[in-house]
Amino acid sequence: MMMMRYKEEKEAKKEAFRKYLESSGAVDALTKVLVSLYEQNDKPSSALQFIQNKLSCPSISEHEKLQAELSDLQIRYNELLTAHQTTCKELEELKSSHASAMASTKEATDDESSKDGL
């Protein structure tokens with residue numbers, strides 16, 4: 001009796017897991033990949049690599065390469081952002097000094113105009 005209940009529980013768990021895999025699309029995805037592998041005339045040397053490629057899973061080395069590239073790009077982005085911020089600050093300083101120079105020139109011109117008018 002106890003053994004029978006254990007088998008029924010085990011079967012129920014298997015069935016629930018099977019339904020989960022089907023409803024999530026995992027069964028369809030795996031079936032498509034395996035059918036694709038089966039239909040290959042020239043079988044790849046690594047079935048696992050073939051499956052990973054078909055499921056769009058990068059290999060560990062590809063993942064590490066992408067992580068390194070991401071890190072390099074983040075460093076480059078930070079450098080460019082800092083350079084951009086510095087350039088913007090310099091531009092604002094130039095605009096400010098140019099505006100001051102223009103105001104000084106205008107005042108000098110206005111002073112000369114008022115002296116000429118006397």
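In this structure, the separation between CD1 on Ile75 and CG on Leu70 is 10.0 Å, given to the nearest 0.5 Å. Taken from CD in Glu9 to CE in Met4, the straight-line distance is 13.0 Å, to the nearest 0.5 Å.
Take Leu48 and apply the side-chain contact (heavy atoms from CB on, under 4.5 Å) test, not counting sequence neighbours, and it matches Ser46, Gln52.
No salt bridge links Glu8 with Arg5; every basic N to acidic carboxylate O contact stays at or beyond 4.0 Å.
In this structure, the side chains of Leu81 and Gln85 come closer than 4.5 Å at one or more pairs of heavy atoms.
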Listed pairs under 3.5 Å, donor-acceptor, residues 89-102 side chains, sequence neighbours left out:
from: Ser97; atom 1: OG; to: Glu93; atom 2: O; distance (Å): 3.3
from: Ser97; atom 1: OG; to: Leu94; atom 2: O; distance (Å): 3.0
from: Ser100; atom 1: OG; to: Ser96; atom 2: O; distance (Å): 3.1

Show the atom names and distances, to 0.1 Å, of all donor-acceptor pairs under 3.5 Å that link a side chain in residues 60-69 to residues at least two apart or in another chain.
from: Ser61; atom 1: OG; to: Ser59; atom 2: OG; distance (Å): 3.2
from: Glu62; atom 1: OE1; to: Ser59; atom 2: N; distance (Å): 2.8
from: Glu62; atom 1: OE1; to: Ser59; atom 2: OG; distance (Å): 3.4

Only pairs under 3.5 Å count here: list side-chain donor-acceptor contacts from residues 24-42, not counting sequence neighbours, and write none if there are none.
from: Ser24; atom 1: OG; to: Tyr20; atom 2: O; distance (Å): 3.1
from: Ser24; atom 1: OG; to: Leu21; atom 2: O; distance (Å): 3.1
from: Thr31; atom 1: OG1; to: Val27; atom 2: O; distance (Å): 2.7

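Applying the salt bridge (charged side-chain N to carboxylate O under 4.0 Å, His left out) definition to pairs two or more places apart or across chains, those involving residues 13-27 are Glu11-Lys14, Glu15-Arg18, Arg18-Glu22.
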